Amino acid sequence: MKFVIATHNKGKLVEFQRLLEPMGIQAVTAQLSEPEETGKTFAENAYLKAAAACQETGLPAVADDSGLCVDYLDGGPGIYSARFAQPGQRRLTVLKKLEGVAEEQRGAHFVSAVCCVFPNGDRVEAEGKCFGRIAFQSRGENGFGYDSIFEQDGVTFGELSAEEKDARSHRGHAFAAFEQKLREYLANQQKT
């Protein structure tokens with residue numbers, strides 16, 4: 001089965017391929033236009049991206065919308081995580097805004113909403129979260145985005161291997177739930 005992945009983010013694409021492959025799904029990319037993310041939640045924005053990609057390609061399309069929610073920043077950057085600051089400055093901007101903030105006030109969580117839209121209009125959705133805190137400095141070369149400043153159990157996501165990150169990350173949790181829902185959906189489709 002072939003699904004188009006609605007992302008221009010190379011890091012996300014690698015994760016999507018790694019997470020979808022065990023389900024027997026070939027994750028492909030396409031030159032897609034980027035719909036305006038006008039949703040007020042991660043789930044709404046994931047749907048907008050998946051629906052647009054499905055309409056453009058005629059293939060089932062999977063998208064996620066994810067972001068970092070920092071307690072001290074009243075849940076920001078949240079759904080604006082990708083547009084929070086200039087590319088290459090996002091992690092530094094978060095660290096700067098938390099300068100001098102004590103460890104116990106640095107709580108944060110990642111959210112990932114995954115949505116698959118099928119050509120017949122059906123959709124399968126799931127959401128995952130993981131909780132941690134913002135480190136005092138960027139650590140680790142792995143991952144992408146805010147991974148090197150998000151810390152859980154003394155290590156940042158930037159210090160984890162891909163497999164370790166999948167086991168504990170928001171996207172890993174979202175895809176575990178998504179896989180179960182997708183399998184149920186596909187099994188029901190075969191019955192009809």
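Because the structure is predicted, anything quoted here is derived from the model rather than measured.
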Quick one: closest heavy-atom pair of [X] and [Y], and the distance?
| X | Y | result |
| --- | --- | --- |
| Ser112 | Ser66 | CA-CB, 3.8 Å |
| Lys129 | His173 | O-CD2, 3.0 Å |
| Ala63 | Lys49 | CB-CB, 3.7 Å |
| Ala30 | Thr57 | CB-CG2, 4.1 Å |
| Gly172 | Ser169 | N-OG, 2.9 Å |
| Ala174 | Ala126 | O-CB, 3.6 Å |

Can you hop from [X] to [Y] via hydrophobic side chains spaced under 4.5 Å?
| X | Y | value |
| --- | --- | --- |
| Tyr47 | Phe118 | no |
| Val4 | Leu48 | no |
| Val117 | Ile25 | no |
| Leu32 | Leu13 | no |
| Tyr72 | Leu95 | yes |

Spell out, as yes or no, whether a donor-acceptor pair under 3.5 Å connects the side chain of [X] to the backbone of [Y].
| X | Y | answer |
| --- | --- | --- |
| Gln152 | Phe131 | yes |
| Lys181 | Glu125 | yes |
| Arg133 | Arg106 | no |

Any side-chain heavy atom of [X] within less than 4.5 Å of one from [Y]?
| X | Y | answer |
| --- | --- | --- |
| Cys69 | Phe42 | yes |
| Val111 | His170 | no |
| Glu103 | Phe136 | yes |
| Val94 | Phe84 | yes |
| Met1 | Leu186 | yes |
| Cys116 | Tyr185 | no |
| Cys54 | Pro60 | no |
| Asn142 | Lys165 | no |

Is it true that atom [atom1] of [X] has more than 12 heavy atoms of other residues, nucleotides or ligands lying nearer than 6.0 Å?
| X | atom1 | result |
| --- | --- | --- |
| Phe144 | CZ | yes |
| Glu104 | CD | yes |
| Gln189 | CD | yes |

Requested in this report: Would you mind listing every salt bridge (Lys or Arg N to Asp or Glu O under 4.0 Å) that reaches into residues 70-84, with sequence neighbours excluded?
Outcome: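 Found Glu37-Arg83.
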Are the charged groups of Arg168 and Glu164 less than 4.0 angstrom apart, N to O?
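Result for this pair is no, no salt bridge flagged.
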Quick one: do Phe16 and Phe3 satisfy ring pair (Phe, Tyr, Trp, His ring centres under 6.0 Å)? Show the steps, please. CA-CA 10 Å; Phe16 272 95; Phe3 283 22; over 10 Å; no
| said: Assess the residue pair Ser138 and Ser148 against the criterion (side-chain hydrogen bond (donor to acceptor under 3.5 Å, both in side chains)); give the C-alpha distance rounded to whole Å, side-chain angles, the decisive distance to 0.1 Å, and a yes or no. | reply: CA-CA 5 Å; Ser138 184; Ser148 65; 2.6 Å; yes
